[in-house]
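Remarks on the structure that follows.
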Amino acid sequence: MEINENNFERLASYLQQTLSPDPEVRRPAERFIESIEVSQNYPLLCLHLIDRGQVEITIRVAAAIAFKNFVKRNWGWHLENDGPDKVAESDRNGIKSLIVPLMLKSPSSIQKQLSDAVSIIGKYDFPLKWPQLMDEMIEKFGTGDFNIINGVLQTAHSLFKRYRYEFKSQELWEEIKFVLDKLAKPLTDLLQATLGLAEAHAANEEALRIIYGSLVLVCKVFYSLNSQDLPEFFEDNMETWMKAFHVMLTVDIPCLKTAEDEDAGVLEHLRSQVCENLCLYAQKYDEEFSPYMPQFVTAVWELLVNTGIQTKYDTLVSNALNFLSTVADRSHYRHLFEDPNVLASICEKVIIPNMDFRVSDEELFEDNPEEYIRRDIEGSDVETRRRAACDLVKTLSQNFESKIIEIFGQYLQVLLAKYAENPANNWKTKDTAIYLVTSMASKGATQKHGVTQTSELVPLPQFTQQQIIPELERADVNELPVLKADALKFIMAFRTILGPQIIVATLPLVAKHLAAGNVVVHSYAACTIDKILTMKNPGDNKPIVTKEILTPLSAELITGLFAAFTVQGSNENEYIMKCIMRTLNTLQEASLPFMIVVLPRLTEILTVVARNPSKPHFNHYLFETLSLSVKLVCKADPNAVSSFEEALFPVFQGILQADVLEFMPYVFQMLSLFLEIREGKSSIPDTYLSLFPCLLAPALWERPGNVTPLIRLLCAFVRQASPQISADGKLNGVLGVFQKMIASKSNDHEGFYLLQNLLLHYPAEELNQSMRQIFSLLFQRLSSSKTTKFVRSFIVYMCLYAARAGAQALVQMIDTIQASMFGMVVERIFVPDINKVSGELEQKIVSVGITKLLCEAPEMLADPYVKFWPQLLQTVVQIFELPPDETNIDGDTFIEIEDVPGYQAAYSQLNFAQAKPIDPLPEISNIRQFLVQHLGKLAQSNPGKIGALVASLPAAHQEALQKYCAQSGVQIA
């Protein structure tokens, strides 16, 4: 792409279209941007477009986002995928020279995107390939222009924040040392200079806002640089930093206090970050930090007591409470909390006020139920006051349990008595009481089982009967919705502790709340049912709710669940969809009478969400539920698959034609499921055959999320439609896919899966014409990029080839590529690495293949290969007797990359659409018997020779062979 006016206008026009709410306009524009992004100069065009002040800001921001996505998807692609570099060297150099100056002069909305891009580039290139970046940034500290300084600090924060969570390594230490040597002193100088400026401009609100914004970023960078270990420079200058932190915590700046209740101002952000920094030091550098601890405990305590209940203070209060929890957890600071009066004061002034249900919580509950749920039951409320107060309660309970239980026991009685006086007006006191019991009672919890250990503030079964069940028994499911949600959450949290009897008894009460008009209430009801249906009896590991128990409730459940979708705000409710899936799975064939209602509704929902997918979890459970429904119905009547195809094909066709990225991997899985159900029962319909050529389109295979489900679908075609593929001359297209898969370290196993299916099901005569080239490709990959995964897959494939095409055919095939090459394969691949093969099916294929090589390839009993015969037999015995070798081969540094860069749809396996593993050698059931029977026959036709070869094995291996012979009644003479 040329950098010219015409291309600027074209790019700006397409970027504008990507902002359109109309998918018909937006999607083609997104596809166009994706198609041109690997063109040379594209990223530089984006940066120059961002730099044009006369262009509308929305387009410049869109260009910044497009540029960031380009960097995210392509900058390190060649390193992670063992492929070609998608970014031209001239573009890389151009970007590095332009990006920092451009970012520093851009508006904040653009600065944020470019800062993220710098951080991604830094992940791959900094410091080795971008050493000038640090000097370029530090130089800007001297400008005195805080807009520029803040841009530099924002970039430093983006660049270094990965130090907070990266694993320790020599490379990381060296990078951090490089940064510290350059930045630690300038950052400390900047801190002091900025604090000095804050005093000098005490009366200038606008200047203070920018200055304190800088201090927030300085504190964030400080946190990142100190996350791995305590740097020597910061240890030597701890007095300077701690003094500054104390000033920032205690200084009162009236003009920076905002009238806003919702959004935190710069002062709140600063104090919050200081508390986070203190928490880091208290946790990791306890000894060095201890002289400063008492003054900070006092400062944080005073801050908490004097901070209001407005939402804007939530993160600050949360971090301050976390600091107190950290201190209280250290044995040598317990004396600060031991006094009963101190504990009572903490409970009264800090914990209880931060557990109360505020007006802002009520607004969130009503107006933004999705966010309320996310914070409340999904554990993302890490930064909420309630969670932090709850953590402080747990810490104090561990160290002062009896005193805390005594103090809170009294509060609990007061709260419940107040509620009993006037439930309609005082319901918030009961909400606090339930939260308090939950906090105090939960000692240990897991995602799978809920709370598993409790502390006795109150006897939980008794509290459940007296305080929780009555809330669920109220006739009106819409009365006091917050308490309904609390009660449902309580049942969910303590399901393991309360035991099967209470839980099964509450199921009808929980189910009736699916009819509640409040989104939180019916979502919690669905979530609770889902969790209950996964519970198992510890004794026999069978579900506590069987289909027999659930069937009487099934009509109410299914009606209530689908009715909830009609409530505004619940049209794409993931908890409801997951609960439908779980209910159908528990009911199994008892769900069939409802399918006449369920399937049209699911299809209708799919049609709607396919237009604009926005809820990944909902979409996943929708496809899971569809897959499960298909399996249940077709288990009863395999011919029903044609009804599903009739109903779903038009929707699937629409998804494929509109190129709905998020749904394509799911559609491919479901098409595979349909074909697999048809396998061996009916011929493949023409609708599938017309789809086949489209599956070979290269663009589909560029998206990582499509690869696994597409390979599975291709294999289903190979198994059922090989004659048609052959007649249409499509084998080369299929082999092109194989070649692409084999070239990738991430996907080579998929290539082998496709190749195995071709070997087993494709007309041998035609496939054999390409087989020499296939083997040559595999050997080329082996010599250029050898990984443990590839070697394992290659061994399995060669053994399957020996088992199906013949052992002699394998030896001759490899020897036609290069004379005596098979000997090298045995010596360098089979013997050292065969025991790396794991998996029952794979080990069966290998043992059968090697048995055939030993017994059916005459070449193995003659020079030069006979010397390998005992070694190969030894490896088979080891497969039977030893666990698989889990070590990597030398030089294999390949690590599976699970997360897919950019916004490409990742592959999500549908549990209910999984393929059953297919045994390619079903005629062989006992592989040990197979081995010794073949050895026995070989020994009869080669008297004395085989016995002598077997005698050269180590004693333990001979003993194992004798055992197999005895079990099978075979003699090897």
Side-chain angles (χ1 to χ4, degrees), residues 119 122-123 125-142 149 152-196 214-249 270 273-297 299-300 319 322-323 326-327 329-330 332-333:
S119 123
K123 179 184 169 189
D125 289 14
F126 179 79
L128 295 179
K129 295 181 189 168
W130 202 2
Q132 73 274 24
L133 177 63
M134 283 305 303
D135 294 330
E136 204 178 327
M137 284 165 46
I138 292 165
E139 186 191 318
K140 307 291 180 193
F141 284 172
I149 290 170
V152 171
L153 289 169
Q154 182 62 55
T155 306
H157 171 51
S158 298
L159 201 56
F160 307 142
K161 67 182 173 191
R162 66 187 178 86
Y163 300 163
R164 301 177 180 199
Y165 48 79
E166 290 246 330
F167 288 117
K168 290 180 165 62
S169 69
Q170 188 59 33
E171 198 182 340
L172 183 68
W173 288 123
E174 286 170 7
E175 182 182 325
I176 295 175
K177 185 178 184 316
F178 172 82
V179 171
L180 286 165
D181 289 347
K182 298 256 185 193
L183 185 64
K185 187 173 188 319
L187 190 72
T188 307
D189 293 343
L190 181 66
L191 170 82
Q192 291 179 294
T194 310
L195 280 172
S214 293
L215 288 171
V216 173
L217 290 166
V218 167
C219 290
K220 283 179 187 287
V221 173
F222 174 90
Y223 187 95
S224 299
L225 296 179
N226 283 268
S227 290
Q228 289 282 339
D229 202 357
L230 180 57
E232 191 181 338
F233 182 89
F234 288 116
E235 187 177 352
D236 293 344
N237 290 272
M238 198 181 285
E239 178 71 31
T240 302
W241 282 90
M242 292 307 143
K243 191 177 170 187
F245 288 159
H246 196 266
V247 168
M248 294 179 216
L249 269 189
L270 178 62
Q273 186 58 49
V274 169
C275 286
E276 222 175 317
N277 294 356
L278 296 176
C279 213
L280 174 75
Y281 266 56
Q283 278 172 341
K284 295 190 77 169
Y285 316 124
D286 195 10
E287 194 182 326
E288 294 84 355
F289 182 57
S290 57
Y292 305 98
M293 189 75 86
Q295 70 181 49
F296 280 117
V297 168
V300 169
N319 286 344
N322 287 343
F323 172 68
T326 304
V327 178
D329 201 29
R330 297 286 183 273
H332 41 284
Y333 295 119

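What's counted below: heavy atoms across the whole structure, side chains too, no hydrogens, waters or symmetry copies.
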**Report entry** Euclidean distance, Lys140 NZ relative to Thr155 OG1, rounded to 0.5 Å
**Finding:** 11.0 Å
Query - Phe141 vs Leu183 side-chain heavy atoms within contact, under 4.5 Å - result: yes
Report summary line: Here the gap from Leu217 atom CG to Leu270 atom CG, rounded to the nearest 0.5 Å, amounts to 10.0 Å
Report task. Might you work through the side-chain contact (heavy atoms from CB on, under 4.5 Å) test for Leu159 and Val179, ending with a clear yes or no? Result -> CA-CA 11 Å; Leu159 201 56; Val179 171; over 6 Å; no
**Report entry** Side chains of Leu172 and Arg162 in contact at under 4.5 Å (non-hydrogen atoms)
**Finding:** yes
Requested in this report: State, with a plain yes or no, whether a side-chain heavy atom of Leu180 is found less than 4.5 Å away from one of Phe233.
Outcome: no
**Report entry** Sub-4.5 Å side-chain heavy-atom contact between Phe289 and Leu278
**Finding:** yes
Query raised in the report: Does the side chain of Leu249 come within less than 4.5 Å of Gln295's, by heavy atoms?
Result: no
Query - Met238/Trp241 under side-chain contact (heavy atoms from CB on, under 4.5 Å): CA gap, chis, key distance, verdict - result: CA-CA 5 Å; Met238 198 181 285; Trp241 282 90; 5.7 Å; no
Query - Heavy-atom closest pair, residues Glu175 and Pro127 - result: CG-CD, 3.7 Å
Requested in this report: Walk me through it: do Asn322 and Glu276 pass the test side-chain contact (heavy atoms from CB on, under 4.5 Å)?
Outcome: CA-CA 8 Å; Asn322 287 343; Glu276 222 175 317; over 6 Å; no
**Report entry** Heavy-atom side-chain contact between Met134 and Phe178 under 4.5 Å
**Finding:** yes
Query - Set of residues satisfying ring-ring contact (aromatic ring centres under 6.0 Å, His included) with respect to His246, sequence neighbours excluded - result: Phe296
**Report entry** Phe234 and Thr188: CA distance, side-chain angles, deciding distance, side-chain contact (heavy atoms from CB on, under 4.5 Å) verdict
**Finding:** CA-CA 9 Å; Phe234 288 116; Thr188 307; 4.1 Å; yes
Query raised in the report: Is there a side-chain contact between Leu153 and Ser214, using heavy atoms and a 4.5 Å cut-off?
Result: yes
Query raised in the report: Got a second to check how far Asp229's CG is from Lys168's NZ, nearest 0.5 Å?
Result: 7.0 Å
Query - Where Ser158 and Lys161 come nearest, the two heavy atoms and their spacing - result: O-CG, 3.7 Å
Report summary line: In short, Met293 meets Asp286 closest at the heavy-atom pair CE-OD1, 4.2 Å
Query raised in the report: What's the spacing between Asn237 CG and Glu232 CD if we round to 0.5 Å?
Result: 10.5 Å
All N/O donor-acceptor pairs, side-chain side in residues 219-228, below 3.5 Å, sequence neighbours left out:
{"unit_1": "Ser224", "atom_1": "OG", "unit_2": "Arg164", "atom_2": "NE", "d": "3.0"}
{"unit_1": "Ser224", "atom_1": "OG", "unit_2": "Arg164", "atom_2": "NH2", "d": "3.4"}
{"unit_1": "Ser224", "atom_1": "OG", "unit_2": "Lys220", "atom_2": "O", "d": "3.4"}
{"unit_1": "Asn226", "atom_1": "OD1", "unit_2": "Tyr281", "atom_2": "OH", "d": "2.7"}
{"unit_1": "Asn226", "atom_1": "ND2", "unit_2": "Phe222", "atom_2": "O", "d": "2.7"}
{"unit_1": "Ser227", "atom_1": "OG", "unit_2": "Tyr223", "atom_2": "O", "d": "2.7"}
{"unit_1": "Gln228", "atom_1": "NE2", "unit_2": "Tyr163", "atom_2": "O", "d": "2.9"}
{"unit_1": "Gln228", "atom_1": "NE2", "unit_2": "Glu166", "atom_2": "O", "d": "2.8"}

Query raised in the report: Out of curiosity, Leu280 CG to Phe323 CZ, how far, rounded to the nearest 0.5 Å?
Result: 11.5 Å
Requested in this report: Using a cut-off of 6.0 Å, state whether more than 12 heavy atoms not belonging to Glu288 lie near its atom CD.
Outcome: yes
**Report entry** Minimum heavy-atom distance between Leu191 and Met248, given as atom pair plus value
**Finding:** CD1-CE, 3.5 Å
**Report entry** Lys284 vs Leu230 side-chain heavy atoms within contact, under 4.5 Å
**Finding:** no
